[in-house]
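Okay, so here's the structure we're looking at.
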Amino acid sequence: MNTQLFDKDQLNIKEIFNNFYEVPDYQREYVWRKANVLALLNDIYSAFKESNQNAYFIGTTVVATNLKESSLEVIDGQQRLTTLFILLSIFTQKVEKAQQQKFLNDLIKKENWDSFGDLSFRYHLNLNYANAQKFLEIINTQPNNLIKQLHTDYGNRLPDTIKNLYNAYQQINDFLDEHCANSEELCAFITYTLHQVFVLQITTDINRALQIFETINERGVGLNPLDLIKNRLFCHIDKKDFKILKDKWQEIFKLFRKNETHKLRFIRYFLMANFPDKIDSSIYKNGILRTDDIFDFTSKLDNINDPHDFLDNLYQAASDYNGFIEGKLNGEYNEQLQNINTLNGGLSTYIIALLAAQKLSFPILKHFIKQVESFMFFYIIPGNNTNVLERECASWAKQLYILSKIPNEAEQILAYNEFITKALISPTQQRMDNFDDYFKRLQMGKNRTRTRYILNKISLYVQEKWNGHSCPNQLFKDLDIEHILPDHPKEALRKEFGEEIYEDYKNRLGNLTLLEAPLNRSLGNDFFEIKKQTYATTNCVFTKSIVGLSVTTSMTSQHGQFFQNLPHWSIWTKESIEERQELLLKLTKEVWTLETYTK
């Protein structure tokens with residue numbers, strides 16, 4: 001029985017490029033930045049200056065034999081290998097002797113005289129992604145036309161891969177111009193690079209090569225967890241499906257072009273929402289996966305053995321995730337999601353639970369989103385610690401995942417309502433005294449967006465009662481936040497109100513309302529007595545109620561009672577502001593409701 005898993009060879013750069021290498025299109029493209037290239041050059045040059053007779057090891061490559069192409073397929077090490085190939089190409093351009101050029105050219109490409117009498121070249125490195133190979137061919141056939149050719153092919157906007165290759169080419173050129181000023185020093189450095197710089201090359205079949213790559217990088221050295229997950233998926237499919245899987249993977253992460261930082265967060269949320277039963281709290285604290293846990297966790301998942309199914313689920317979840325971030329549900333704007341995003345101010349932990357809730361029926365999902373908005377309102381407004389929300393949402397996701405498995409609809413609704421009561425309603429009720437105390441002193445502060453959200457939501461609620469029908473969420477979006485007690489008062493008004501308390505009371509929520517911009521500008525910094533006339537003309541019923549509403553008998557008795565009970569004021573004092581703040585507090589309990597689901 002053959003127990004040898006792989007061959008390993010210690011090869012210098014000259015020996016490395018006696019072989020032919022293929023970088024498959026499913027691999028990560030060339031991503032090295034100038035700093036990476038410069039680090040490699042500095043390492044080699046420092047070793048050369050220390051002693052040009054001492055060998056220097058620069059890393060490992062993992063390759064798989066490709067008998068059909070008589071080449072080696074690069075699984076790991078392509079960034080370094082590509083950089084070394086560009087270095088050889090520039091060496092060829094800089095040496096002066098024809099024999100030196102021919103020797104270096106033979107390491108770059110091999111001439112072939114075919115049966116038809118035609119000459120062709122086969123490059124020792126072939127990059128099968130983007131137009132990367134064309135770049136390598138240009139720098140070896142017409143380097144003086146490189147910029148012109150790139151401009152012809154891409155205009156003024158280079159793709160990231162080509163930009164990185166071009167930057168590497170420029171960085172190497174600049175480095176050699178600076179450190180190898182004469183031909184003698186250049187030849188010495190080339191000799192050292194070819195003969196004394198070594199790579200450990202591991203050669204095996206494709207599946208073992210992928211497994212070795214995974215083992216070498218399992219702690220994420222030089223790679224992020226996404227690369228390692230992708231590699232793990234490749235380990236479980238036939239090579240003929242590699243391109244299909246790569247295309248699926250790229251489609252998923254095209255969704256994150258606008259915000260690269262969301263990629264790893266999304267993967268964490270996806271795993272917590274879809275595999276909460278696999279997350280051992282004794283291993284992963286509070287049932288939360290951190291970025292460093294991603295690869296270790298996915299290596300234990302059974303269903304990742306079916307990469308196509310895994311990627312289909314990943315794609316759907318990525319679409320949902322981006323929709324939630326944009327305030328959309330199934331492609332359409334959702335008022336509650338938009339409100340949650342406004343409230344959270346960039347905090348996205350709620351998405352863990354929403355990804356799990358996607359497995360529920362659409363009516364229940366919509367109900368859950370509404371409950372999340374109310375929960376977040378009562379939690380975030382008084383300044384509770386948002387750091388613990390990820391733990392809460394991970395716990396919700398696990399419970400939603402479990403109840404989504406209940407086949408009987410009636411039993412599922414019952415379980416869902418128990419969950420809503422225990423996880424959202426009860427904790428909110430327990431914190432309500434703290435909320436009330438905080439809200440009575442609530443000021444606008446720096447977060448005007450959140451203040452506008454509160455005033456808008458309450459104003460819409462009052463408007464709908466007045467109109468007798470629902471109103472669009474954007475009805476008052478163009479209205480200004482009006483300071484009833486002016487933000488920049490006349491000195492007489494400040495003294496009349498009380499200079500020592502004016503700054504405190506002017507920004508209290510009870511002193512703020514919504515008003516059309518033209519009306520707001522016309523008011524300036526006048527006294528309340530003058531402003532009252534303008535408030536009476538606004539289309540915003542809640543603002544109009546400050547000076548009193550005319551309630552007609554045609555209104556239903558319930559709504560008529562509501563408006564008759566709305567207070568109004570003839571003068572504006574600190575007591576008036578406190579009273580209106582109490583009114584706003586009372587209305588929050590009517591606007592942001594938490595309740596169980598009824599079909």
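Using a cutoff of 4.0 Å between basic side-chain nitrogens and carboxylate oxygens, Glu251 and Lys248 are not scored as salt-bridged. Looking at Arg265 and Glu390, no side-chain N of the basic residue comes within less than 4.0 Å of a carboxylate O on the acidic one, giving no salt bridge.
Atoms OG1 and CG, on Thr449 and Asn341 in that order, are 12.5 Å from each other to the nearest 0.5 Å. Annotation: the span from Lys370 atom NZ to Gln336 atom CD amounts to 7.0 Å, rounded to 0.5 Å. Distance check: Leu389 CG to Ile380 CD1 gives 6.0 Å after rounding to the nearest 0.5 Å. Of the inter-residue distances, the one linking Asn344 atom CG with Met376 atom CE reads 5.0 Å to the nearest 0.5 angstrom. Rounding to the nearest 0.5 Å places CH2 of Trp396 at 9.0 Å from CG of Leu354. Atom CG of residue Asp106 and atom NZ of residue Lys102 lie 4.0 Å apart, to the nearest 0.5 angstrom.
Using a 4.5 Å heavy-atom threshold, the side chains of Thr82 and Leu165 count as touching. Taking 4.5 Å as the limit, some side-chain heavy atom of Ile90 sits within range of a side-chain heavy atom of Tyr169. In this structure, Ile190 and Gln100 have side chains that are not in contact, with every pair of non-hydrogen atoms separated by 4.5 Å or more. A heavy-atom distance below 4.5 Å is found between the side chains of Leu460 and Leu475. Looking at Leu81 and Tyr21, their side chains come closer than 4.5 Å, going by heavy atoms from C-beta outward. For the pair Leu107 and Asn18, the minimum side-chain heavy-atom distance is below 4.5 Å. Using a 4.5 Å heavy-atom cutoff, the side chains of Phe135 and Leu150 are in contact. Put simply, the side chain of Asn313 reaches to within 4.5 Å of the side chain of Phe270, judged on heavy atoms.
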Q: Decide yes or no on side chain to side chain contact (heavy atoms under 4.5 Å, CB included) for Ile481 and Leu514, but give the supporting numbers first.
A: CA-CA 5 Å; Ile481 296 178; Leu514 296 179; 4.2 Å; yes
Q: Evaluate the criterion side chain to side chain contact (heavy atoms under 4.5 Å, CB included) for residue pair Leu104 and Leu194; output intermediate values, then yes/no.
A: CA-CA 10 Å; Leu104 290 168; Leu194 293 176; 4.1 Å; yes
**Q.** Asn36/Val31 under side chain to side chain contact (heavy atoms under 4.5 Å, CB included): CA gap, chis, key distance, verdict
**A.** CA-CA 9 Å; Asn36 305 109; Val31 297; over 6 Å; no
Q) Yes or no on side chain to side chain contact (heavy atoms under 4.5 Å, CB included) for Trp32 and Asn167, after CA distance, side-chain angles and deciding distance? A) CA-CA 9 Å; Trp32 267 20; Asn167 288 339; over 6 Å; no
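Panel note: side chain Asn131, backbone Lys134; no donor-acceptor pair is recorded below 3.5 Å. Distance alone, capped at 3.5 Å, is enough to place a donor-acceptor pair between the Asn12 side chain and the Lys14 backbone. With hydrogens and angles ignored, the 3.5 Å screen pairs a side-chain donor or acceptor of Asn339 with a backbone N or O of Glu335. Here the side chain of Gln101 pairs a donor or acceptor atom with the backbone of Val95 at under 3.5 angstrom. Listed for the Arg80 side chain is a donor-acceptor partner under 3.5 Å among the backbone atoms of Thr60. Of the possible donor and acceptor atoms, none in the side chain of Asn456 sits under 3.5 Å from a partner among the backbone N and O of Arg452. Judged by distance alone, with hydrogens and angles left aside, the side-chain atoms of Arg268 form a donor-acceptor pair with the main-chain N or O of Leu289 at under 3.5 Å.
Around the NZ atom of Lys366, the shell of radius 6.0 Å holds no more than 12 heavy atoms that belong to other residues, nucleotides or ligands. Within 6.0 Å of CD in Gln10 there are 12 or fewer heavy atoms belonging to other residues, nucleotides or ligands.
Checked options Glu22, Glu73, Gln133; the residue passing with Asn128 is Glu22 (criterion: side-chain hydrogen bond (donor to acceptor under 3.5 Å, both in side chains)).
Every side chain to side chain contact (heavy atoms under 4.5 Å, CB included) that Gln358 has, sequence neighbours left out, goes to Asp320, Phe324, Leu329, Asn330, Leu365.
Side chains of Thr141 and Glu137: a donor-acceptor N/O pair is absent below 3.5 angstrom, by distance only. A donor atom on one side chain and an acceptor atom on the other are not found under 3.5 Å apart for Thr92 and Asn105. No donor-acceptor contact under 3.5 angstrom links the side chains of Asn322 and Lys328, judged on distance only.
Contacts classified as side chain to side chain donor-acceptor pair (under 3.5 Å) and involving residues 173-192 (residues at least two apart or in different chains) are given here: Tyr45-Glu185, Lys94-Asn173, Lys94-Asp177.
Between Phe91 and Phe103, the gap from one ring centroid to the other reaches at least 6.0 Å.
Closest of all the heavy-atom pairs between Pro307 and Leu245 is CB-CD1, 3.6 Å. Across all non-hydrogen atoms, the minimal contact from Leu314 to Trp249 is CD2-CZ3, 4.3 Å. Residues Gln93 and Ile139 share a closest heavy-atom pair of NE2-O, 2.7 Å. Between Ile86 and Ala168 the shortest heavy-atom distance is CD1-CB, 4.3 Å. Here the closest heavy-atom approach between residue Ala397 and residue Ala273 is recorded as CB-CA, 4.3 Å. In terms of heavy atoms, Ser348 sits closest to Tyr321 at OG-OH, 4.3 Å.
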